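If you're wondering where the values come from, they're calculated on a predicted model, not measured in any experiment.
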Amino acid sequence: MADTYTASKTILIDAKGTKIIAHRGLSGIECENTLAAFIAAGNRNYFGIETDVHITADLEFIIIHDDDTNRVSNTKMPVESSSYEQLRSIVLNDKDGSQRIDLHLPSLSEYLKTCKRYEKKAVLEIKNRMPQSQIERILNIVKDEYSIEDVIFISFDFENLVDIRKIHSDANIQYLCDKADDITIEELKKYNFDIDIWEGFLTQDLIQKLHDNGILVNCWTCDNKNRAEQLISWNVDFITTNILQAK
């Protein structure tokens, strides 16, 4: 889910009934996965704010997409073998590559509190495979800071999502993937998952097929207005984007 978009303002689209999700916050304008990006999305009419959570070496949860800090800072620190305090101490780079003293990796609690404050759905990607015990801890933090009903859990790791379903039968869950076939659809139905699929793989027929099987369709990461409006005309349920915004 690469973020390469830089702009000074959002691109407005007629979203009709499609819900628009800010990818890593409003990452087309602010530095991705920071409180600045989450607040920028919170102050606009996004349905949800998406982010990524890793577990640290000392079993804390921190917000970052990559497995190390190299792309977002001047320091290359491996996330899951570093301590929470080590990671929090890093000053992140702004969109132009310069260090910005107010930008640090947020905690999971800070992200959830921001979503709650601005009344946005939290779209939480669980990065890499986590033990079920740690997934249960994430769910408990969600309950403490927001609510299970206001979070959509996503992951490329199917077993992470299965563990969430085992713990919470009513959680909103979307399987992250770059393509889908009949086997995928049957697995989604088995566990009552929706889908969050690469936008380039979607066709009108596939969206209809997923809907016919009771599966809601989110897609990542669409920044092209014409493509987004095509997907909207095909009745896609959600669009995850770095820069598009509903009028």
**Asked** Pick one: which of N235, I197, L206 meets side chain to side chain contact (heavy atoms under 4.5 Å, CB included) with V217?
**Response** I197
**Message:** Measuring only between side-chain heavy atoms, which start at C-beta, is R227 closer than 4.5 Å to L231?
**Reply:** yes
**Request:** For residues K121 and K19, determine if any side-chain heavy atom of one lies less than 4.5 Å from a side-chain heavy atom of the other.
**Result:** no
**Item:** Worked verdict on T240 versus N218 for side chain to side chain donor-acceptor pair (under 3.5 Å)
**Value:** CA-CA 7 Å; T240 300; N218 189 359; 3.0 Å; yes
**Message:** So M130 and I138, do their side chains get closer than 4.5 Å, heavy atoms only?
**Reply:** yes
**Message:** Is the shortest side-chain heavy-atom distance between L124 and T51 below 4.5 Å?
**Reply:** yes
**Asked** Can you tell me if Q208 and D212 form a side-chain donor-acceptor pair at under 3.5 Å?
**Response** yes
**Prompt:** Have D205 and T203 got a donor and an acceptor in their side chains that come within less than 3.5 Å?
**Reply:** no
**Message:** Checking the side chain of S82 only, and the main-chain atoms of L87 only, is there a donor and an acceptor separated by less than 3.5 Å?
**Reply:** no
**Item:** Student check: side-chain heavy atoms of W198 and K179 closer than 4.5 Å
**Value:** no
**Asked** In this structure, which one of K95, R100, R44 forms a salt bridge (Lys or Arg N to Asp or Glu O under 4.0 Å) with E30?
**Response** R100
**Message:** I need the minimum non-hydrogen distance between I20 and A246, along with the two atoms involved.
**Reply:** CG1-CB, 4.2 Å
**Asked** P106 and L35: which non-hydrogen atoms are nearest, and at how many Å?
**Response** CG-N, 4.0 Å
**Prompt:** Are a donor atom and an acceptor atom from the side chains of N33 and D52 found within less than 3.5 Å of each other?
**Reply:** yes
**Message:** Could you check whether any side-chain heavy atom of L112 comes within less than 4.5 Å of a side-chain heavy atom of V151, counting everything from C-beta outward?
**Reply:** yes
**Request:** Please work out whether the ring planes of F47 and F238 are parallel, tilted or perpendicular, with thresholds of 30° and 60°.
**Result:** tilted
**Distance in Å, L105 CG paired with I90 CD1, rounded so as to fall on 0.5 Å steps** = 6.0 Å
**Message:** Quick check on the 6.0 Å ring-centre criterion: do Y191 and Y175 meet it?
**Reply:** no
